[in-house]
Amino acid sequence: MIRSRITAALSQALDQTTDLDQQTCKQLAATAGEGLSHPPSRDMGDFATNIALTTAKQAGMKPRELAQAIADRLASSDLPIDRVEVAGPGFINLFMSHHWFTDTLSQILEETECFGQSSRGVGQKLQVEFVSANPVGPIHIGNARGAPFGDALASLLETSGYEVEREYYVNDGPYNTQALNFGRSVRVRYLQALGQDQPLPEDGYQGDYVTEMGQRLTEQVGTQYADLPDDEQTAYHFFRLFEDEILQQAEADCRDFGIEFDVWFTEKSLYDEGDIDREVSSLLERDMAYRQDGAVWLRTGQFGDEKDRVLVRSDGRPTYIAADAAYAANKFARGFDRVVYIFGPDHAGYVPRLQAVLAACGFDLERVEIIVYQNVRMVRGGETVELAKRKGQIYSVRDLIEEVGKDAARFFFLMRSNDSHMDFDLDLAVKQSDENPVYYVQYAHARICSIVRQAESREFAFASEPDLSLLVHSSEMALMSKLADYPHEVESAAQTRAPHQLTTYLRELTQLFHQFYTNCQVLDDSDQATSTARMELVRATRQVLANCLGILGVDAPESM
RNA sequence: GCGCCUGUAGCUCAGCGGAUAAGAGCAACGGACUUCGGAUCCGUAGGCCGGGGGUUCGAAUCCCUCCAGGCGCGCCA
């Protein structure tokens with residue numbers, strides 16, 4: 001890869017032009033190589049490094065002098081560059097030679113769907129846990145952002161060579177408050193359907209789907225469950241009656257959202273398999289937990305939490321913290337080198353606590369990553385769409401997919417950085433016009449496919465060997481330059497856990513393609529050689545568009 | 001009260017391990033079609049990067065502080 005070659009050359013040049021020792025030069029060059037950028041405009045060069053600015057003081061030289069010295073060394077190195085310029089306060093701008101651009105083009109066409117992959121994570125097993133919505137109804141919009149984010153991040157990591165498992169944690173433990181609330185709500189609706197006058201509990205679920213479940217239950221079992229006592233066990237029973245159905249719905253929703261989980265892990269299994277008891281006793285044995293006021297407390301206070309937390313309530317029921325501890329133990333026991341949690345804004349405050357819990361349990365926090373995404377405001381007609389699951393006003397992930405489509409939904413969520421609070425403009429997402437950025441990108445891909453079809457149907461006479469040196473138009477150069485960026489963009493997005501960088505990249509790449517298309521006729525009967533070369537560029541662009549869209553889980557249509 | 005996140009063009013947002021000339025999309029205005037898909041392209045206009053301090057030769061970017069908004073602070077998950 002060109003960046004590592006430039007880094008090596010910088011290291012050598014620094015070593016030869018300064019008094020700094022070799023190790024220092026290597027480190028400084030590595031930092032500069034990471035920060036290798038593009039000059040503000042293409043006529044100022046293809047790559048720029050600020051290494052002279054950052055190391056001038058250390059080297060005891062003036063920035064521009066040092067820059068010039070390094071530039072001279074680079075110019076005579078074996079890098080594929082035409083010339084080197086020193087600019088501004090001491091930037092070194094590199095002008096790549098033409099064959100470097102066309103070599104990347106050939107590389108794309110050779111590696112096809114593998115172009116952009118790297119081996120950085122090879123040999124490392126990684127788990128990304130996301131969505132993990134409470135199984136008490138349709139997956140609602142509050143969890144929607146984490147779905148494409150987690151999925152795209154997982155794909156991104158796979159592209160970087162990691163072995164990645166996508167996991168969905170199902171909060172179906174016997175003491176889960178949400179599940180029990182839901183169970184109680186179903187029971188009440190069931191009894192109401194049987195003609196009893198019963199009020200919905202304070203925190204009950206008011207959605208129509210609960211009422212419908214209650215009615216359905218009367219048809220299935222009649223009065224069989226009518227006399228069960230109004231207690232926790234009964235609530236759990238009613239919850240369990242519908243858990244499978246809810247999970248199947250969740251799985252279908254995710255699938256339609258383009259996501260396939262490798263593992264659906266249930267909290268219940270932690271109880272059934274004794275994981276929770278084991279973890280609690282182990283913590284007590286190691287004195288990381290203690291008994292007080294009849295409850296079992298975990299010493300999270302020693303690990304940055306405000307206070308210790310209850311693991312097992314005074315009545316003997318474990319809390320979600322016990323489940324989370326056991327779950328983490330289970331994850332590590334499965335051999336992951338690193339586990340990633342994707343949390344919604346409602347769990348942001350839980351991050352320091354979970355970290356304390358994991359630390360108290362003795363897990364290496366270096367191997368745990370918790371990524372929080374911020375709230376989304378759904379906007380329609382300029383107004384916020386109000387959502388509250390318990391109130392029954394449900395705008396579900398399914399509703400979203402049906403309203404704007406999988407591709408627009410995913411692309412819109414992925415356009416923004418995970419920690420930016422975003423507005424989701426439903427009106428815009430559903431528009432099939434130039435106002436909609438999803439179609440802008442997809443259109444480029446379809447357009448390319450159309451050119452290919454066109455060439456086939458009129459049996460365009462291409463040259464037998466493409467001569468890529470004919471690609472010299474500024475639009476062609478800009479496009480090739482962008483294509484060459486792709487592997488670095490992927491790696492950068494993966495390392496910073498920022499899939500949204502790829503949507504930005506896609507829009508820029510697409511724009512350059514459309515400009516090229518406007519300026520350069522691809523299929524020109526009067527110039528067979530140029531047409532052949534341009535066709536290679538077009539096919540390479542299609543490949544990168546498809547690869548990049550693939551990571552984001554957005555379709556690359558052949559026509560629209 | 002404490003913690004996390006955010007504040008960049010009229011709107012929605014990139015950029016935020018400092019640096020060559022603050023960006024994009026939409027909205028506004030003006031242009032480009034007898035050729036490969038006009039779901040496209042070109043141009044104009046629009047910003048003391050929330051305010052104030054500081055570090056630096058250099059800050060949208062780092063530090064402090066204030067202001068505004070979102071979210072979270074349970075023997076709920």
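So that the names make sense, note that chain A is the first sequence line, chain B the second, and so on, each numbered from 1. Quick caveat, the model's predicted, so the values are computed rather than measured.
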*Which residue lies toward the 5' end of RNA chain B, A:Met415 or A:His347, if each is placed at its nearest nucleotide?*
A:Met415
*Using heavy atoms to find the nearest nucleotide of RNA chain B for A:Ala87 and A:Pro345 separately, return the residue whose nucleotide is more 5′.*
A:Ala87
*Can the positive tip of A:Arg447 be found less than 6.0 Å from the middle of the six-membered ring of A:Tyr517, inside 45° of the ring normal?*
yes
Measure from the side chain of [X], starting at C-beta and using heavy atoms only, and say which of [options] lies closest.
{"X": "A:His421", "options": "B:C71, B:G69, B:C36", "answer": "B:G69"}
{"X": "A:Leu53", "options": "B:A19, B:C57, B:G69", "answer": "B:A19"}
{"X": "A:Gln515", "options": "B:C36, B:C42, B:G72", "answer": "B:C42"}
{"X": "A:Ser314", "options": "B:A21, B:G15, B:C75", "answer": "B:C75"}
{"X": "A:Arg447", "options": "B:G38, B:A19, B:C42", "answer": "B:G38"}
{"X": "A:Thr504", "options": "B:G38, B:A14, B:U20", "answer": "B:A14"}
{"X": "A:Asp43", "options": "B:G38, B:U35, B:A21", "answer": "B:A21"}
{"X": "A:Arg313", "options": "B:C76, B:A21, B:C36", "answer": "B:C76"}
{"X": "A:Phe91", "options": "B:A24, B:A19, B:C36", "answer": "B:A19"}
{"X": "A:Asn93", "options": "B:A14, B:U20, B:C36", "answer": "B:U20"}

Between [X] and [N], does any side-chain N or O lie under 4.0 Å from OP1 or OP2?
{"X": "A:Tyr373", "N": "B:U6", "result": "no"}
{"X": "A:Lys307", "N": "B:C75", "result": "yes"}
{"X": "A:His500", "N": "B:G15", "result": "yes"}
{"X": "A:Gln511", "N": "B:G25", "result": "yes"}

Touch class at under 4.0 angstrom, heavy-atom based, for [X] against every strand present:
{"X": "A:Glu34", "result": "base"}
{"X": "A:Cys449", "result": "nothing"}
{"X": "A:Gln521", "result": "base"}
{"X": "A:Asp524", "result": "nothing"}
{"X": "A:Met560", "result": "base"}
{"X": "A:Lys62", "result": "nothing"}
{"X": "A:Gln442", "result": "nothing"}
{"X": "A:Asp324", "result": "nothing"}
{"X": "A:Arg317", "result": "nothing"}
{"X": "A:Asp425", "result": "nothing"}
{"X": "A:Tyr169", "result": "nothing"}
{"X": "A:Ala446", "result": "base"}
{"X": "A:Phe460", "result": "nothing"}
{"X": "A:Ala455", "result": "nothing"}

May I have the distance from [X] (atom [atom1]) to [N] (atom [atom2]), rounded to whole angstrom?
{"X": "A:Leu426", "N": "B:C26", "atom1": "CG", "atom2": "P", "result": "19 Å"}
{"X": "A:Asn418", "N": "B:C13", "atom1": "CG", "atom2": "P", "result": "14 Å"}
{"X": "A:Asp423", "N": "B:U6", "atom1": "CG", "atom2": "P", "result": "16 Å"}
{"X": "A:Phe513", "N": "B:C36", "atom1": "CZ", "atom2": "P", "result": "13 Å"}
{"X": "A:Asp419", "N": "B:A14", "atom1": "CG", "atom2": "P", "result": "8 Å"}
{"X": "A:Ile448", "N": "B:C36", "atom1": "CD1", "atom2": "C1'", "result": "12 Å"}
{"X": "A:Arg145", "N": "B:C5", "atom1": "CZ", "atom2": "C1'", "result": "11 Å"}
{"X": "A:Phe424", "N": "B:C13", "atom1": "CZ", "atom2": "P", "result": "12 Å"}

Rounding to an integer number of angstrom, what distance separates [N] and [M] when you compare their [atom1] atoms?
{"N": "B:C64", "M": "B:A14", "atom1": "C1'", "result": "27 Å"}
{"N": "B:G46", "M": "B:C29", "atom1": "C1'", "result": "11 Å"}
{"N": "B:C41", "M": "B:C4", "atom1": "P", "result": "43 Å"}
{"N": "B:G15", "M": "B:G23", "atom1": "P", "result": "16 Å"}
{"N": "B:U40", "M": "B:A21", "atom1": "P", "result": "33 Å"}
{"N": "B:A9", "M": "B:C71", "atom1": "P", "result": "23 Å"}
{"N": "B:C33", "M": "B:G38", "atom1": "C1'", "result": "7 Å"}

*Is A:Asn50 side chain donor-acceptor paired with the B:U20 base, going by distance under 3.5 Å alone?*
no
*Quiz item: A:Ser420 side-chain donor-acceptor pair to B:C13 base, under 3.5 Å*: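 No pair found.
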Is there a donor-acceptor contact under 3.5 Å linking the side chains of [X] and [Y]?
{"X": "A:Ser492", "Y": "A:Gln501", "value": "yes"}
{"X": "A:Gln68", "Y": "A:Asp72", "value": "yes"}
{"X": "A:Asp555", "Y": "A:His445", "value": "no"}
{"X": "A:Gln178", "Y": "A:Tyr205", "value": "yes"}

*For the salt bridge (charged side-chain N to carboxylate O under 4.0 Å, His left out) test, which of A:Lys482, A:Arg42, A:Arg534 pairs with A:Glu476?*
A:Arg534
Counting Watson-Crick and G-U wobble pairs only, both distances under 3.5 Å, name the nucleotide matched with [N], or none.
{"N": "B:A68", "value": "B:U6"}
{"N": "B:A60", "value": "none"}
{"N": "B:C41", "value": "B:G31"}
{"N": "B:G25", "value": "B:C11"}

*Minimum side-chain heavy-atom gap A:Thr54-A:Thr31 below 4.5 Å*: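 Counting from C-beta outward, A:Thr54 and A:Thr31 never come under 4.5 Å.
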*Is A:Asp525 salt-bridged to A:Arg458, cutoff N-O under 4.0 Å?*
yes
*Between A:His347 and A:Tyr350, how do the two ring planes meet: parallel, tilted or perpendicular, split at 30° and 60°?*
perpendicular
*If the plane angle is over 60° it's perpendicular, under 30° parallel, otherwise tilted; pick one for A:Phe182 and A:Phe239.*
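Taking A:Phe239 first and then A:Phe182, their aromatic rings stand perpendicular (interplane angle over 60°).
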